Amino acid sequence: MADNIKVKLPDGSIKELPKGSTALDVANSISPRLGQAALVAKIKPSSNGNEFRLVDLTAPLAEDVELRILTEKDPESLEVFRHSSAHLLAAAVLELFPETKLGHGPPTDSGFFYDFYREQPFTPDDLAAIEKKMAELAQQDIPYRREMLSRDQTLADAQQHGDFMKCHFIEQFVQPGEQASFYKTGKFVDFCRGPHIPSTGRIKAFKLLTLAGAYWLGDAKNKQLQRIYGTSFYSKKELDAYLHQMEEAKKRDHRVIGKQLDLFSIQELAGPGLIFWHPKGGTIRKLMEDWMREEYIRRGYSLVYTPHILRVETWKTSGHEGYYAKNMYPPMEMDDAFYRVKPMNCPGHILIYKSDLRSYRDLPQRYGELGTVYRYELSGVMHGLLRVRGFTQDDAHIFCTPQQIEDEIVGCMDFALAVLKTYGFDQFQVELSNWDPKDRANYAGTDEQWDLAMRSLESALKRSNIEYKLIPGEAAFYGPKIDVKLVDAIGRLWQLSTIQFDFTLPQRFELEYVGEDGARHQPLMVHRALYGSIERFFGVLIEHYAGAFPAWLSPTQVAIVPITDRHVGYAASVESMLKDVGIRSHLDARSEKMNAKIREHAMQKVPFILVIGDKEAETGKVNVRTRGKEKTEDMSAQDFVAHLKHLVDTKATSL
RNA sequence: GCUGGCGUAGCUCAGCUGGUAGAGCAUCUGAUUUGUAAUCAGAGGGUCACAGGUUCAAGUCCUGUCGCCAGCUCCA
């Protein structure tokens with residue numbers, strides 16, 4: 001029959017239906033329950049393409065297709081569902097504030113947003129009203145209907161209504177002569193590619209979360225729009241679980257834990273983005289630095305130190321005075337010369353390199369420094385330890401020959417992985433950034449240099465067996481790079497490790513080495529930082545461990561709790577045993593009840609609490625309460641010391 | 001830097017429509033000598049971020065500044 005089409009389903013079966021039937025018809029013909037559960041469909045037309053694409057359930061099928069009906073079980077449905085939720089939000093906003101102009105409203109990883117333009121700002125009360133209106137519209141179970149309209153007509157309409165953003169989108173996404181797809185939800189009409197879920201009634205659990213500014217087209221020179229963020233789920237239960245999870249994540253926030261555990265502070269009197277490391281935080285930092293320095297030495301780096309301020313002439317030579325000046329603190333004058341606080345360590349290391357004539361036999365030179373730098377960051381971007389104005393980089397610069405570069409990069413990658421492993425990170429993203437081929441003119445360095453650099457970066461990643469994302473256009477103008485990023489408590493991504501080529505500085509400073517051929521050559525230069533910034537790394541660590549640091553990093557490793565004053569003597573002898581092997585312990589001899597002391601030390605997340613009473617004093621034992629464990633254990637003081645020492649020496653990430 | 005929100009004791013927060021501040025925890029002092037997450041009693045502690053303004057009267061209203069929070073932008 002010519003008017004029928006064949007629909008092939010995932011199980012291989014084929015259904016024949018009249019032409020123009022919809023995916024929903026197919027779903028209903030399989031079972032009414034599937035029809036109800038269906039949210040969206042995926043089709044692969046027989047005539048063209050070998051890729052499935054998402055379509056509305058109500059889209060008429062014009063030819064033979066392979067079809068998949070998607071329900072809540074399919075991850076792709078959630079995006080469509082949330083996109084439809086964004087439309088519901090926009091519909092509610094237009095009902096309440098008809099003068100509002102629409103931007104766009106996509107789904108995000110955890111929900112959706114919609115951008116609006118309106119002279120008057122939305123208030124939190126407005127948000128509540130909008131949410132209520134959304135609930136009403138959902139209640140009415142309004143279908144999402146797709147309509148194809150003429151480009152010219154809709155453009156003219158949009159222009160007439162002053163919908164400047166929609167005009168822009170239509171002009172950009174619809175070719176002249178083509179039709180533009182719109183989605184209607186009751187009175188609400190939005191230019192949109194779709195697809196959407198069948199109707200608003202499916203959106204049963206949603207919540208508007210925050211109100212924020214967003215620049216039109218992401219450009220600070222443009223108008224600022226009002227962005228309303230929200231999230232939606234298939235059920236109230238999932239929504240509640242999500243909100244609960246967000247609450248829990250907030251408890252892991254390094255700013256909250258930093259205060260609770262008295263690790264660091266930022267003080268208004270001193271200035272924003274400047275970190276005070278308190279004694280406990282300082283202890284952890286010292287341990288992080290010690291380990292890093294040991295690794296530097298083990299891996300053939302030389303430790304160097306460079307000044308915090310350098311004459312502006314250095315910054316002119318490096319080019320920072322030109323292109324980085326807006327991020328630098330202003331010059332200060334001394335003895336008729338101007339000095340600037342360093343925003344980077346590289347020029348200092350270069351000056352060390354340049355202090356002597358280098359032979360190819362001297363290379364590679366690896367200069368490492370825990371160098372504190374200061375950068376001016378916009379006032380709105382500071383964020384606890386994760387984005388600051390003064391920070392210490394574990395910064396190293398490698399100067400080497402082209403023949404050595406691949407091994408050097410492999411060495412860097414190996415080092416970077418050792419860092420991640422030591423701190424127990426298993427979730428991270430690696431990005432390899434190349435230049436933007438459309439924009440070659442804006443990059444420094446020769447084609448050969450870029451080629452060599454990209455090859456060595458890629459092969460290092462492959463040799464290290466690391467999955468990575470190649471991102472064209474993300475490279476700095478001075479060279480390609482590898483970045484390692486980690487997520488914070490609420491899912492934000494932060495860059496830590498970076499391995500970057502620099503083709504400009506060796507040239508600007510006229511670096512050279514004498515090759516085998518007796519001629520002068522320019523060395524390759526690589527910047528690499530693995531913690532990135534010690535402040536940021538510490539912030540991510542706090543969240544990663546939720547403040548419960550592994551034994552080797554804990555500021556106080558053992559709290560000793562004598563039950564009464566008469567046990568203090570024996571407790572002190574246990575403490576001195578611990579101190580003898582370098583364990584950080586605290587004898588809590590206050591006249592408090594044992595329970596109160598245990599509670600306090602437990603809240604401070606001390607890994608081990610030793611309770612000492614008559615029983616222990618008589619037998620030379622200690623009663624060990626291990627963080628996170630229900631049961632306490634009795635063991636000899638010697639055994640406990642050995643156990644803890646082992647955890648520390650192996651940098652065990654669990655107790 | 002931009003948009004919106006916020007800023008009360010060391011910390012977490014209360015303080016209705018303006019009538020010159022309060023709780024819990026923490027701190028200090030005393031008592032208490034305790035077996036696995038808070039012993040009891042008493043005391044001290046605030047120019048309500050800062051600077052102006054309106055008012056008979058401002059923590060509360062207005063303006064500016066600083067800082068914090070969320071997002072945007074930036075991130076050589």
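Residue numbers start from 1 in every chain, and the chains themselves are labelled A, B, ... in the order their sequence lines are given, proteins ahead of strands. Since this is a predicted model, take the numbers as computed values, not measurements.
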Query raised in the report: What do you reckon, are the aromatic ring centroids of A/F538 and A/W494 less than 6.0 Å apart?
Result: no
Query raised in the report: Across the strands shown, which category fits A/H383 at heavy-atom distances under 4.0 angstrom: base, sugar-phosphate, nothing?
Result: sugar-phosphate
Would you tabulate the nitrogen or oxygen pairs shorter than 3.5 Å linking the protein to nucleotides 33-42 of chain B?
residue: B/rU33; atom: O2; partner: A/D565; partner atom: N; Å: 3.2
residue: B/rU33; atom: N3; partner: A/D565; partner atom: OD1; Å: 3.3
residue: B/rU33; atom: N3; partner: A/D565; partner atom: OD2; Å: 2.8
residue: B/rU33; atom: O4; partner: A/D565; partner atom: OD2; Å: 3.0
residue: B/rG35; atom: O6; partner: A/D614; partner atom: N; Å: 2.7
residue: B/rG35; atom: O6; partner: A/K615; partner atom: N; Å: 3.1
residue: B/rG35; atom: N1; partner: A/E616; partner atom: OE1; Å: 2.9
residue: B/rG35; atom: N2; partner: A/E616; partner atom: OE1; Å: 3.3
residue: B/rG35; atom: N2; partner: A/E616; partner atom: OE2; Å: 2.6
residue: B/rU36; atom: O2'; partner: A/R625; partner atom: NH1; Å: 3.0
residue: B/rU36; atom: O2; partner: A/R625; partner atom: NH1; Å: 3.3
residue: B/rU36; atom: N3; partner: A/N623; partner atom: OD1; Å: 2.8
residue: B/rU36; atom: O4; partner: A/N623; partner atom: OD1; Å: 2.3
residue: B/rU36; atom: O4; partner: A/N623; partner atom: ND2; Å: 3.2
residue: B/rA37; atom: N7; partner: A/R625; partner atom: NH2; Å: 3.0
residue: B/rA38; atom: N7; partner: A/R599; partner atom: NE; Å: 3.1
residue: B/rA38; atom: N7; partner: A/R599; partner atom: NH2; Å: 3.2
residue: B/rA38; atom: N6; partner: A/R599; partner atom: NH2; Å: 2.6
residue: B/rA38; atom: N1; partner: A/R599; partner atom: NH1; Å: 3.4
residue: B/rA38; atom: N3; partner: A/R599; partner atom: NH1; Å: 3.4

Query - Rounded distance (Å) that lies between atom C1' of B/rC69 and atom NZ of A/K259 - result: 12 Å
Query raised in the report: Looking at A/R255, does any N or O in its side chain come under 4.0 Å of the phosphate oxygens OP1/OP2 on B/rC68?
Result: no
Requested in this report: Using a cut-off of strictly less than 4.0 Å between a heavy atom of the residue and any atom of RNA chain B, enumerate the qualifying residues of residues 428-445 of chain A by number.
Outcome: none
Requested in this report: Send over the distance from A/I275 CD1 to B/rG67 P, rounded to a whole Å.
Outcome: 14 Å
Query - d(CG, A/D253; C1', B/rC68) in whole Å - result: 13 Å
Query raised in the report: Hey, is the side chain of A/K221 poking within less than 4.0 Å of OP1 or OP2 on B/rU73, counting only N and O atoms?
Result: no
Requested in this report: Examine B/rG1: is either OP1 or OP2 under 4.0 Å from a nitrogen or oxygen in the side chain of A/S379? Give yes or no.
Outcome: yes
Report task. Would you mind pulling out the nucleotide paired to B/rA51, Watson-Crick or G-U wobble, both distances under 3.5 Å? Result -> B/rU63
Report summary line: When rounded to whole Å, the CE to P distance for the pair A/M328 and B/rC75 reads 17 Å
Report task. Would you mind classifying the nucleic acid contact of A/R118 as base, sugar-phosphate or nothing, using non-hydrogen atoms under 4.0 angstrom? Result -> nothing
Query raised in the report: Can you list, by residue number, the residues of residues 99-112 of chain A that have a non-hydrogen atom closer than 4.0 angstrom to RNA chain B?
Result: none
Query raised in the report: Can you tell me how far P of B/rU3 sits from OH of A/Y117, to the nearest Å?
Result: 12 Å
